[in-house]
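Hydrogens, waters and symmetry mates play no part in the numbers below; they use all other heavy atoms, side chains included. Please read these numbers as outputs of a predicted model, since none were measured by experiment.
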Amino acid sequence: MSNILFTNARLIDPEAGTDERGALLVEGGRIVAQGHEIGVPEHVEVVDCGGKCLAPGIVDIGVKVGEPGERHKESFKSAGLAAAAGGVTTIITRPDTHPAIDTPEALEFVTRRAQADTPVNVLPMAALTKGRQGREMTEIGFLLDAGAVAFTDCDHVVANTKVFSRALTYARSCGALVIAHPQEPGLSEGAAATSGKFAALYGLPAVSPMAERMGLDRDIALLEMTGAKYHADQITTARALPALERAKKNGLDITAGTSIHHLTLNELDVSGYRTFFKVKPPLRSEDDRQAVIEAVRTGLIDTISSMHTPQDEESKRLPFEEAASGAVALETLLPAALRLYHAGQLDLPTLFRAMALNPARRLGLASGRMSAGAPADLVLFDPDVPFVLDRFTLKSKSQNTPFDGQRMQGRVLATYVAGLPVYRRD
């Protein structure tokens with residue numbers, strides 16, 4: 001049954017910026033009405049939310065699924081179950097697979113796998129250049145026709161400026177969104193930490209925060225030249241924020257995101273050479289973290305994502321410099337984000353603006369909203385329930401989370417896609 005009346009709910013509406021008690025009516029998989037009092041129609045299932053929060057399902061840009069090539073790290077089935085348990089109703093998958101998603105045939109393969117195995121919405125991104133090698137752009141038009149929602153080489157920066165400018169120009173002619181990783185590749189190569197006293201003390205190869213600023217400056221100059229649609233996948237340093245603000249004020253079609261790990265962790269968390277805290281770009285200083293939180297609050301940074309990157313034990317149980325980067329986060333995205341809410345730094349409408357509304361808007365999706373006519377992709381959660389995270393309870397095949405053993409606050413109670421329950425907490 002997809003006709004549901006949610007009553008006694010704390011409605012989190014990121015579009016209106018409100019957090020109010022009320023009811024929400026869903027019919028035929030879409031939101032019909034919301035308000036303080038809604039009559040109960042016939043043939044409608046009534047769900048008493050018990051005063052808990054009801055919000056748009058999270059739209060997560062940049063999820064790594066191991067198919068094809070690394071199914072042992074994460075399959076579409078396990079990623080879908082993890083997403084549903086985390087309140088993520090739409091995952092935007094990355095093309096950094098083996099082989100890369102750089103042809104219509106590869107894109108159609110992952111689309112079929114996702115539709116067969118995943119209870120949530122899955123929208124694939126495709127590689128910007130063949131093999132993500134930065135030498136020759138992919139068939140952007142054909143990949144768009146095959147269902148690609150954006151184009152990215154992920155953490156492989158297209159170092160050849162001429163190749164990148166041609167790809168941006170072609171993407172603009174097709175109306176395609178390009179998602180880039182702003183880093184100066186020469187400076188950031190081989191880095192495992194952010195430069196500073198801590199990295200020097202631990203003897204870790206480090207990169208200056210200026211590498212992010214330099215990479216963003218180059219990309220902004222190319223945007224001025226090409227007029228393309230551009231999204232920076234992760235802005236993690238204070239030094240990059242003024243350039244981003246100027247680009248927006250100058251009218252460029254640019255948005256930016258950040259990861260939940262860079263919002264909730266800092267460089268000191270890698271003490272003891274804990275490789276589960278090794279991510280890309282590396283964790284930043286506390287000053288950078290606070291600056292990025294403020295940028296999310298003001299809307300300068302548009303989106304928050306999990307940057308879900310499953311790695312097996314063999315890839316992580318290595319010396320810090322050699323260990324693979326990345327962490328799983330589909331299930332921990334919401335409780336980690338709620339740390340910022342409980343700290344009084346971001347309210348719930350602001351969080352869901354960055355996790356649901358803005359990602360949906362950037363990709364041209366109708367989801368991420370609580371308004372009439374929007375898809376009934378919803379998450380019901382209790383923001384206050386405490387728990388200690390045990391990574392072995394995660395539904396992902398890989399359990400490489402930096403939050404293992406940490407005290408968290410906030411649990412997903414149920415997740416709905418098109419009005420149908422895809423997860424209910426026992």
Side-chain angles (χ1 to χ4, degrees), residues 6 12 47 49-50 52-67 71 73-93 114 116-123 259-261 264 276 304-311 326-339 341 348 351-352 355-356 359 367-368 375-426:
F6 295 94
I12 311 300
V47 175
C49 298
K52 308 307 181 187
C53 295
L54 186 67
I58 296 169
V59 178
D60 193 3
I61 298 179
V63 174
K64 171 71 177 287
V65 179
E67 296 188 58
R71 197 170 185 273
K73 293 184 178 181
E74 192 79 286
S75 65
F76 276 107
K77 183 176 181 179
S78 61
L81 293 174
V88 177
T89 54
T90 301
I91 58 178
I92 314 300
T93 58
D117 293 347
T118 312
V120 300
N121 303 308
V122 178
L123 299 174
S259 86
I260 190 60
H261 300 116
T264 56
F276 279 13
I304 299 172
S305 64
S306 70
M307 293 309 293
H308 178 82
T309 306
Q311 301 287 5
V328 294
L330 281 168
E331 288 176 78
T332 57
L333 173 57
L334 181 55
L338 289 173
R339 286 182 164 187
Y341 162 70
L348 290 178
L351 277 175
F352 278 88
M355 294 192 298
S367 55
D377 297 344
L378 303 165
V379 55
L380 178 66
F381 66 98
D382 184 341
D384 299 316
V385 60
F387 67 100
V388 175
L389 182 71
D390 178 0
R391 70 187 184 98
F392 295 106
T393 65
L394 298 177
K395 298 186 184 302
S396 292
K397 282 191 174 184
S398 300
Q399 283 101 24
N400 54 305
T401 173
F403 297 114
D404 183 40
Q406 295 198 23
R407 296 180 183 276
M408 312 289 281
Q409 194 171 359
R411 285 277 203 186
V412 172
L413 303 177
T415 304
Y416 297 83
V417 173
L420 298 173
V422 295
Y423 172 79
R424 281 194 175 120
R425 183 162 184 79
D426 296 334

Checking Phe76 against Thr93 for the side chain to side chain contact (heavy atoms under 4.5 Å, CB included) test, could you report, in this order, the C-alpha distance in whole Å, the side-chain angles of both residues, the deciding distance, and whether it holds? CA-CA 10 Å; Phe76 276 107; Thr93 58; 4.2 Å; yes

Apply ring pair (Phe, Tyr, Trp, His ring centres under 6.0 Å) to the pair Phe381 and Phe352, showing each step before the final yes or no. CA-CA 13 Å; Phe381 66 98; Phe352 278 88; 5.6 Å; yes

Side chain to side chain contact (heavy atoms under 4.5 Å, CB included) assessment of Ile92 paired with Thr90: CA-CA 7 Å; Ile92 314 300; Thr90 301; 3.8 Å; yes

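Annotation: ring-ring contact (aromatic ring centres under 6.0 Å, His included) contacts of Phe6 (sequence neighbours excluded): Tyr416. In this structure, Thr264 has no side-chain hydrogen bond (donor to acceptor under 3.5 Å, both in side chains) partners at least two apart in sequence or on a different chain.
We find that Asp382 and Lys52 are joined by a salt bridge, their nearest charged nitrogen and carboxylate oxygen being less than 4.0 Å apart. Ion pairing of Arg391 with Asp404 is present here, as a side-chain N (NZ or NE/NH1/NH2) and a carboxylate O approach within less than 4.0 Å.
When atom types are taken as modelled, the side chain of Thr118 and the backbone of Gly80 share no donor-acceptor pair closer than 3.5 angstrom. At distances below 3.5 Å, at least one donor-acceptor pair connects side-chain atoms of Glu74 with backbone N or O atoms of Lys397. Ser398 places no side-chain N or O within 3.5 Å of a backbone atom of Asn400 that could act as its donor or acceptor partner. Checked by atom type and distance alone, the side chain of Glu331 never pairs as donor or acceptor with a backbone atom of Ala82 at under 3.5 Å. Listed for the Ser396 side chain is no donor-acceptor partner under 3.5 Å among the backbone atoms of Gln399. With hydrogens and angles ignored, the 3.5 Å screen pairs a side-chain donor or acceptor of His308 with a backbone N or O of Ala329.
With no hydrogens or angles considered, a side-chain donor-acceptor pair links Ser306 and Asp60 at under 3.5 Å.
One distance of note links OG1 of Thr309 with NZ of Lys73; it measures 10.0 Å at 0.5 Å rounding. To the nearest 0.5 Å, atoms OG1 (Thr89) and CG (Leu378) are separated by 8.0 Å.
Closest approach of Leu351 to Ile304, counting heavy atoms only: CD2-CD1, 4.1 Å.
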